Amino acid sequence: MRTIINIFTILLAFICGIFSALFNFLFPDVSVQKIRENLDMHIKPYYVEYHEDNRGWFGDGEEIIIFTPNPEQAEKIKSEWNKTPVNSRIYSLIFSKTEYNGLELAKHIPNAKGYWFYKNRSESASGHSQNFSFALYDGEHVYYYELDT
């Protein structure tokens, strides 16, 4: 009887593991989708170490995602991203206190050395709204910042 219970428990755990993996594959985490779309990186949901989302009306707001890239992604970053220092215009846009900079990105990034990426996602040529993605890789973590106004 004990053997049957143990086998049933193992079988149930195996089925739950398969269901969980299938669910994560079919319905990936929103933060993981953002990384895929804007950084062209495929990361696993469990790579995300920190995620804070302060979205408001119509999706306006900001978001920070911190994750550790695998060795292949780290090599891609080093070959395709810009080496620090960050462009001064972009640096002031990211790290200066603005009405949207409520998450204070600077407190999440221990240093601004490494490799950086910036993508302007704004569809408006008027400059009245800012929609961009910024990422910084310090050799250990990628700090991803997204702002939509």
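It should be emphasised that the depicted structure is a prediction, and the values quoted were computed from it without experimental measurement. Note: hydrogens, waters and symmetry copies are ignored here, and every other heavy atom, side chains too, is used.
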Determine, stepwise, if the pair Leu136 / Val86 fulfils side chain to side chain contact (heavy atoms under 4.5 Å, CB included).
CA-CA 9 Å; Leu136 186 125; Val86 177; 4.1 Å; yes
Which atoms form the tightest heavy-atom contact between Pro69 and Ala74, and what is the distance?
CB-N, 4.2 Å
Should Lys119 and Leu39 count as side-chain neighbours, where that means a heavy-atom distance under 4.5 Å?
no
Is any side-chain heavy atom of Trp81 closer than 4.5 Å to a side-chain heavy atom of Tyr137?
yes
Going from OH on Tyr143 to CD1 on Ile66, what distance comes out if it is rounded to the nearest 0.5 angstrom?
5.5 Å
Asn131 side, atom CG; Glu146 side, atom CD - distance, nearest 0.5 Å
8.5 Å
Separation between CG (Asn120) and CZ (Phe134), nearest 0.5 Å, reads 14.0 Å
Backbone N/O of Glu72 and side chain of Glu75: donor-acceptor pair under 3.5 Å
no
Once you round to the nearest 0.5 Å, how far does CG of Leu147 lie from CD of Glu63?
11.0 Å
Can you sort out the partners of Lys76 under side chain to side chain donor-acceptor pair (under 3.5 Å), two or more places apart, ordered by chain and number?
Asp40
Residue pairs, two or more places apart or on separate chains, that pass ring-ring contact (aromatic ring centres under 6.0 Å, His included) and touch residues 60-80:
none
For Thr68, all residues meeting side chain to side chain donor-acceptor pair (under 3.5 Å), sequence neighbours excluded:
Glu49
Could you check if a side-chain atom of Ser133 sits within less than 4.5 angstrom of a side-chain atom of Tyr144, using non-hydrogen atoms only?
yes
Sorted by chain and number, sequence neighbours left out, side-chain contact (heavy atoms from CB on, under 4.5 Å) with Asn82 holds for Trp116
Value rounded to 0.5 Å, distance of OG1 in Thr9 from CD1 in Ile4
11.5 Å
The criterion is ring pair (Phe, Tyr, Trp, His ring centres under 6.0 Å); which residues satisfy it with Tyr118, sequence neighbours excluded?
Phe132
Tell me, which pairs form a salt bridge (charged side-chain N to carboxylate O under 4.0 Å, His left out) where one or both residues lie in residues 77-86, sequence neighbours left out?
none
Mind checking the CG-OH spacing from Asp138 to Tyr115? Nearest 0.5 Å is all I need.
12.0 Å
